[in-house]
2 protein chains.
Amino acid sequence: MTNRADSAAATRVALLRAAGDLLDAGGPAAVTLRAVGAQAGVSRGAPYGHFPDKEHLLAQLVVDGWLELAQVLDRIRNGGESADAKLEAALIALLDVAARKPHLYALMWSAPTGDPSQIVEAAGRSQDVFLGLVGDIVGREDARRYGALLMSSAHGIASMELSGHLSKQKWNTTPRALVAMLVQALPGASSAGGVSAGDQT
Amino acid sequence: MTNRADSAAATRVALLRAAGDLLDAGGPAAVTLRAVGAQAGVSRGAPYGHFPDKEHLLAQLVVDGWLELAQVLDRIRNGGESADAKLEAALIALLDVAARKPHLYALMWSAPTGDPSQIVEAAGRSQDVFLGLVGDIVGREDARRYGALLMSSAHGIASMELSGHLSKQKWNTTPRALVAMLVQALPGASSAGGVSAGDQT
DNA sequence: AGTACTCACATGACAACGTCACACGAAATG
DNA sequence: CATTTCGTGTGACGTTGTCATGTGAGTACT
């Protein structure tokens with residue numbers, strides 16, 4: 001039980017969890033290595049045994065975020081709903097990350113730091129699911145163009161909402177409504193949509 | 001000529017310009033009050049005579065960014081092209097800011113800091129031009145919904161490009177092509193055989 | 001004109017931060 | 001049991017944002 005490797009792996013996980021919690025609670029400014037160490041029950045220098053520097057620690061948080069989103073998207077894709085509904089649910093899942101963990105979401109969409117290739121690969125895992133879902137509607141031919149358009153649009157909606165530039169008063173709409181518009185405008189989509197998937201936001 | 005008020009106003013401008021240059025050149029990390037002071041020819045403590053803190057200095061940079069974009073958009077709107085072309089040019093102008101000043105662009109779309117109301121107001125100046133341009137195509141009725149969708153989509157494209165998640169290899173498209181798709185998909189656009197909603201100029 | 005005031009700016013100081021070098025002690029190895 | 005390994009704690013250093021204080025040139029008052 002007092003295995004050394006296991007103990008080290010446990011503190012590594014504790015460090016990541018502590019960093020994630022601090023990020024969620026107080027934003028990037030609250031994530032100091034001293035605070036992370038304290039919350040993880042170790043000292044301020046301990047992270048350097050597991051990560052080259054602070055940037056790589058945050059990068060790992062981003063990687064985990066993309067991988068977790070990919071899992072959610074996979075579950076949606078394997079669901080039994082219509083292609084339209086599944087695509088809309090996937091887009092809403094993206095909005096959900098933004099709503100639930102805004103600071104992590106912002107980090108996921110900032111320029112990759114630390115180990116960029118690892119981030120790009122993890123993000124690609126989520127993007128591939130989008131590609132597949134869009135392909136089911138518009139066909140393999142146009143899947144990539146429309147996939148890029150839909151993913152960036154959904155991200156734009158989430159980002160605009162997060163930054164406070166999407167006030168309901170000014171635009172008279174909501175992120176959910178905009179996503180619905182996106183899906184319905186897709187060539188090959190059925191106009192009638194009874195979407196019941198997606199989480200609360 | 002060595003008027004005290006004028007001199008102070010000049011250093012304020014110099015501070016903002018220095019901060020902007022440092023931001024463009026080295027990203028947010030390069031913008032330290034010491035470096036800003038040095039580049040503006042004053043000391044590290046001088047900014048505190050003009051801004052409450054660093055956050056407010058950066059916020060002013062964001063405000064200026066939005067106002068400058070609004071001017072560009074206004075010039076586009078008053079141009080002689082077709083409504084479609086003008087809207088596309090406006091969206092491309094947004095991409096242009098992202099391409100030319102990526103760090104400032106990222107700041108403009110992050111959660112407002114310092115004096116949020118001032119930022120929201122400046123951003124609104126740009127958003128209103130978008131609203132008008134979109135209204136010229138889809139009509140006043142739907143202008144707000146479509147305006148929000150177009151602006152957030154364009155921002156999403158720019159953001160995805162900036163963060164490196166829009167690789168041409170994966171998606172087989174470019175930001176410009178995506179913007180073109182957006183405009184053509186708009187109901188009332190000339191090239192797409194869509195509904196002929198209100199068309200005014 | 002000469003004096004007192006004002007205010008923009010410079011400077012010293014402090015706490016907090018990321019990071020490194022080093023020390024310690026317990027697990028792992030023979 | 002002796003030795004090595006390695007995860008972690010600790011001291012230290014340079015840098016940062018910020019404030020308190022000093023200073024000197026422009027401004028106002030008599």
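The chains referred to below are lettered A, B, ... by the order of the sequence lines, with proteins before strands, and numbering in each begins at 1.
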Any chance you could list the contact pattern along nucleotides 15-21 of chain D? Use B for base contacts, S for sugar-phosphate-only contacts and - for none, protein heavy atoms under 4.0 Å, 5' to 3'.
-BBB---
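The separation between A:Leu58 atom CG and C:dC17 atom P is 14 Å, rounded to whole Å. The CZ atom of B:Arg12 sits 16 Å away from the C1' atom of C:dC9 (whole-angstrom rounding). We find that CZ of B:Arg4 is positioned 5 Å from C1' of D:dG26, with the value rounded to whole Å. Distance, A:Asp6 CG to D:dT8 P: 12 Å, rounded to whole Å. Note: CZ (A:Phe51) to P (D:dT8) measures 11 Å, nearest angstrom. The CG atom of A:Leu57 sits 10 Å away from the P atom of C:dT19 (whole-angstrom rounding).
Each of A:Arg144, A:Arg140, A:Arg145 was evaluated against A:Asp142; a single residue qualifies, A:Arg145, per the salt bridge (charged side-chain N to carboxylate O under 4.0 Å, His left out) test.
Here the nucleotide nearest the side chain of B:His50, chosen from C:dA10, D:dG9, C:dC9, is C:dC9. Distances were taken from every side-chain heavy atom of B:Ser43 (C-beta onward) to each of C:dC7, C:dC9, C:dA10; the shortest belongs to C:dA10.
Aromatic ring centres of B:His56 and B:Tyr48: separated by at least 6.0 Å.
A:Ser153 places no side-chain N or O within 3.5 Å of a backbone atom of A:Leu150 that could act as its donor or acceptor partner.
In this structure, A:Ser7 does not reach the D:dG7 phosphate: none of its side-chain N or O atoms is under 4.0 Å from OP1 or OP2.
Note that the CD atom of A:Glu88 and the CD atom of A:Glu81 stand 9.5 Å from one another [nearest 0.5 Å].
B:Asp128 and B:Ser126 share no donor-acceptor pair across their side chains, judged by distance under 3.5 Å alone.
For the pair A:His165/B:Trp109, a side-chain contact is recorded, criterion being any heavy-atom separation below 4.5 Å from C-beta on.
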